[in-house]
Amino acid sequence: MAVPKVDGQFIAEAIKYIDENGVPWHNMSTKYELVWENGNTYPPKYVIAVANHLQNGAEIDVSGYNAVEAKNYLTAKGYEIQIKQTKYEITITSESVTSTDDSFTMDNISAGDVFKPLDASFVSADGTVIKRKYGKGERRNTNQTLPRIAFQIYEKQIAALPVEEKEQFPICQYAPDKEMIRGIYYSKDEAKAHNIHPFNTMSYDYDGGRQFVIYSWNIFTTLRFVQECLTRFGNPGDSFKLVYREKENAEEEAAVVEEVKPAEFNGYLNPYSTMLVESKNIIFRGAPGTGKTYLAKEIATDIISNGYFDDYTMLTDEQKQQVEFVQFHPSYDYSDFVEGLRPKTNEDGSMGFELQDGVFKKFVDKARRNYENSKKSTEVIANELSVQEAMKEFFDDVDTGNNTFKTKTGTEFTITDVDDEHIYLSIPQNASINSIRLNISEIRQMLESGREFNKLKDITEFFNINFTQQRYSYNLVIFNEIQKKKKTAKIIRQEDLKKYVFIIDEINRGEISKIFGELFFAVDPGYRGVAGEVSTQYANLHADSNEKFYIPDNVYIIGTMNDIDRSVDSFDFAMRRRFRFVELRADERLEMLANLNNEEKEAEAIARMSALNVEIAATEGLNENYQIGASYFLKLKNIDFDQLWSDYLHPLLQEYINGMYDEEGIMERFKKSYNQGK
């Protein structure tokens with residue numbers, strides 16, 4: 001059965017029905033919400049089912065279609081759907097396993113297939129929280145994180161168990177009538193000998209090369225094991241915590257999240273996200289190939305989704321508007337970044353120039369609107385929305401060039417064109433100036449003020465100026481025409497404050513002082529908001545020459561740079577003071593190599609990279625900044641190790657040592673080290 005076809009009027013009737021009767025608990029949405037005109041939210045599947053009942057007399061039944069189909073159906077009809085980003089927390093003690101998810105039960109462990117772990121921790125009776133100490137290359141927040149913490153906490157006690165007790169240790173039971181899966185083994189081969197497939201296991205390394213191996217499939221399959229650890233080895237009051245959420249479609253099994261010691265988990269997947277939120281500005285520096293750019297996008301996604309996921313492709317189109325990415329280069333300048341004059345073809349075909357905002361200013365203005373709107377009451381927002389709709393209706397109805405308007409003095413004029421910022425007028429009766437342009441922002445301010453404007457003096461007083469400008473005569477006419485179309489404001493909800501992340505790749509390759517100009521001051525974390533407002537270089541060309549620019553608190557900036565780039569030495573010291581610098585070493589983020597989906601190739605890549613990097617650091621004239629990062633080895637998805645050396649690594653290393661004594665000998669040592677890791 002597909003999604004039943006229902007008309008808009010019955011969807012509206014369904015909303016009224018739900019408001020009166022509520023939503024049965026089993027029909028509550030866990031993933032998506034329909035946002036209605038009144039700001040309330042409703043489960044899309046249930047709305048369609050009720051509308052189908054009201055229109056077609058069918059039973060209220062949601063079993064014939066899934067949440068994604070319901071979402072797509074309503075989205076296609078123009079309704080607003082938002083993701084309901086719900087997180088759940090399981091608390092495991094020696095006596096019980098409970099979850100904030102009402103549908104959770106230990107009798108159905110297979111339900112864990114549809115959930116994704118976000119965080120796991122041990123909480124001692126005195127409130128001390130212990131996190132997983134990750135090893136190099138270990139992926140974070142996977143289905144195996146919780147049992148790994150249990151092994152970390154109780155490593156000595158488990159190691160001391162006799163072999164027989166290890167083999168009988170309870171691990172997982174899918175349902176009360178199912179057989180208990182048991183066994184802590186010393187290798188995957190040993191687990192396989194007890195009918196546990198190696199693909200379904202997790203390994204924990206301890207004591208210089210020894211292993212614990214247990215069965216592990218989804219995030220719930222080791223809850224029984226963890227509870228048994230607490231029962232046998234824990235103290236009264238000890239517990240484990242597991243935070244999880246529902247998976248999105250086609251989502252990867254495990255999130256790759258980098259650990260950094262100073263940052264504790266506070267709701268985000270990635271501790272670097274906490275760093276950015278605290279510092280406002282971060283620059284990731286280090287060797288080439290350490291995945292700095294990829295990490296920046298992970299962090300942006302993590303922050304914007306409020307710790308829900310870190311895969312950029314999973315952001316909605318609306319959420320992607322909260323991220324901007326640019327790459328600096330030597331010819332990048334202020335006009336690209338902030339604002340500048342750009343060529344424009346005039347109506348008569350001649351060429352001229354107009355002031356246009358650069359990518360950073362556009363992005364900040366978008367964040368600033370959200371920041372300011374989030375502080376407004378619902379009444380103010382509703383009024384602004386009413387003004388916006390009235391202006392749209394007016395300009396949609398205007399037949400440019402044919403509708404004639406008249407000022408109070410009898411001067412006739414027509415509207416010839418409208419863009420985002422200006423209204424262009426033709427005034428045939430005026431011998432001296434037969435055309436003029438009005439600022440849309442001025443008319444919008446007049447409409448939003450709620451005041452009456454009957455004469456020119458009202459406008460001059462409103463804008464606090466001592467003289468009348470010619471355009472105010474025309475402002476007054478258009479104001480009154482739009483005012484006629486203004487309708488009663490709708491009831492809407494207050495706008496949520498959002499976070500916006502601006503990523504600057506290769507930040508050191510641009511001439512920073514030339515690009516940022518006076519924004520050095522506004523970028524400073526200590527001067528965010530109105531306290532750091534500045535006049536831009538082209539302020540005299542703005543509609544309001546007194547307009548100031550500031551960066552609101554909800555803007556976060558990430559820069560990336562390679563330490564060996566020649567332009568690093570000239571990086572502006574004024575900018576250095578305003579950014580937190582975080583080094584990514586070549587041997588960090590090895591977990592990205594899990595994307596090779598081949599454990600043997602992954603292990604060989606790490607071995608070759610490590611051996612080569614030791615030789616690079618030992619070469620006179622080079623250091624750790626010249627080492628090779630893991631992202632180079634992701635190319636092994638499509639090529640082999642020999643091709644990686646000849647086509648990528650050899651040319652790079654040759655560039656490093658050009659002009660050094662015994663270049664050929666150095667390259668031979670590099671190649672030998674690379675091959676030793678085979």
Side-chain angles (χ1 to χ4, degrees), residues 90 92 94 96-97 99 104-117 120 132 135 137-234 240 242 244 247 251-254 591 594 596-604:
I90 288 181
I92 307 109
S94 58
S96 65
V97 181
S99 173
F104 170 81
T105 170
M106 285 291 284
D107 293 342
N108 183 18
I109 298 302
S110 60
D113 290 345
V114 300
F115 293 111
K116 178 185 180 70
R132 170 76 181 127
E138 181 181 333
R139 290 187 292 178
R140 276 60 165 170
N141 296 340
T142 70
N143 294 337
Q144 302 177 357
T145 303
L146 182 63
R148 287 182 187 278
I149 295 178
F151 276 126
Q152 176 182 313
I153 300 296
Y154 302 121
E155 180 181 306
K156 292 181 180 179
Q157 294 93 322
I158 293 173
L161 291 174
V163 173
E164 294 79 7
E165 284 193 46
K166 287 193 182 81
E167 291 184 353
Q168 289 302 311
F169 205 97
I171 305 297
C172 169
Q173 188 175 24
Y174 275 91
D177 59 343
K178 301 293 183 182
E179 182 181 356
M180 177 73 74
I181 298 172
R182 301 175 181 272
I184 302 174
Y185 304 103
Y186 60 83
S187 70
K188 288 191 175 184
D189 288 339
E190 179 66 17
K192 185 177 180 181
H194 287 78
N195 299 318
I196 297 176
H197 195 283
F199 184 73
N200 299 338
T201 62
M202 67 137 287
S203 302
Y204 175 87
D205 297 328
Y206 74 102
D207 194 21
R210 301 174 70 186
Q211 279 191 331
F212 295 135
V213 178
I214 64 170
Y215 172 80
S216 175
W217 176 247
N218 65 38
I219 67 171
F220 293 164
T221 53
T222 51
L223 292 174
R224 183 70 182 84
F225 162 73
V226 171
Q227 187 178 36
E228 186 70 18
C229 288
L230 286 166
T231 302
R232 296 196 187 197
F233 314 122
F240 285 89
L242 173 66
Y244 65 99
K247 288 179 183 174
E251 185 169 14
E252 291 185 4
E253 190 69 20
E591 67 273 11
L596 293 174
N597 298 318
N598 184 316
E599 289 188 6
E600 292 183 4
K601 185 179 285 188
E602 178 184 346
E604 182 174 348

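Computed from heavy atoms alone, side chains included, the values below leave out hydrogens, waters and symmetry copies.
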For a quick test of reading the model, state the closest non-hydrogen atom pair linking [X] to [Y] and the distance between them.
X: Tyr174; Y: Ile181; value: CE1-CD1, 4.1 Å
X: Thr221; Y: Cys172; value: O-CB, 3.0 Å
X: Ile219; Y: Pro117; value: CG2-CD, 3.2 Å
X: Ser96; Y: Gln227; value: N-NE2, 3.4 Å
X: Thr222; Y: Tyr215; value: CG2-O, 3.7 Å
X: Arg232; Y: Glu165; value: NH1-OE1, 3.5 Å

First locate atom [atom1] of [X], then atom [atom2] of [Y], and finally report the distance between them rounded to the nearest 0.5 Å.
X: Leu223; Y: Glu228; atom1: CG; atom2: CD; value: 13.5 Å
X: Met180; Y: Gln173; atom1: CE; atom2: CD; value: 4.0 Å
X: Lys188; Y: Thr201; atom1: NZ; atom2: OG1; value: 4.0 Å
X: Phe169; Y: Arg182; atom1: CZ; atom2: CZ; value: 10.5 Å
X: Ile171; Y: Arg224; atom1: CD1; atom2: CZ; value: 9.5 Å
X: Ile158; Y: Ile153; atom1: CD1; atom2: CD1; value: 10.5 Å

On the 0 to 90° scale, with breaks at 30° and 60°, tag the Tyr154-Phe233 ring pair as parallel, tilted or perpendicular.
->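 Plane angle between 30° and 60°, so tilted.
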Parallel, tilted or perpendicular: ring planes of Tyr244 versus Phe115, cut at 30 and 60 degrees |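 Perpendicular, since the angle between the ring planes exceeds 60°.
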Check whether any side-chain heavy atom of [X] lies under 4.5 Å from a side-chain heavy atom of [Y], and answer yes or no.
X: Met202; Y: Ile214; answer: yes
X: His194; Y: Glu167; answer: yes
X: Leu242; Y: Thr145; answer: no
X: Leu146; Y: Phe225; answer: no
X: Tyr185; Y: Lys192; answer: no

Hey, does the side chain of [X] reach the backbone of [Y] with a donor-acceptor pair shorter than 3.5 angstrom?
X: Asn143; Y: Trp217; value: yes
X: Lys166; Y: Ala159; value: yes
X: Arg148; Y: Ser203; value: yes
X: Ser187; Y: Glu190; value: yes
X: Asn218; Y: Ile109; value: yes

Decide side chain to side chain contact (heavy atoms under 4.5 Å, CB included) for Ile90 and Phe220; before the verdict, give the C-alpha distance in whole Å, the side-chain angles of both, and the deciding distance to 0.1 Å.
-> CA-CA 10 Å; Ile90 288 181; Phe220 293 164; 3.6 Å; yes
Does the side chain of Asn108 come under 3.5 Å of the side chain of Ser110 through a donor N or O and an acceptor N or O?
->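 Yes, because at least one side-chain N or O of Asn108 sits under 3.5 Å from a partner of the opposite role on Ser110.
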Crowding at OH, Tyr206 (>12 non-hydrogen neighbours, <6.0 Å) |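 It does: Tyr206 OH has more than 12 such atoms within range.
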Lys601 atom NZ: more than 12 heavy-atom contacts under 6.0 Å |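 Buried by this count: over 12 neighbours within 6.0 Å.
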Where do Gln144 and Tyr204 land on the side chain to side chain contact (heavy atoms under 4.5 Å, CB included) test, with the steps shown first?
-> CA-CA 10 Å; Gln144 302 177 357; Tyr204 175 87; over 6 Å; no
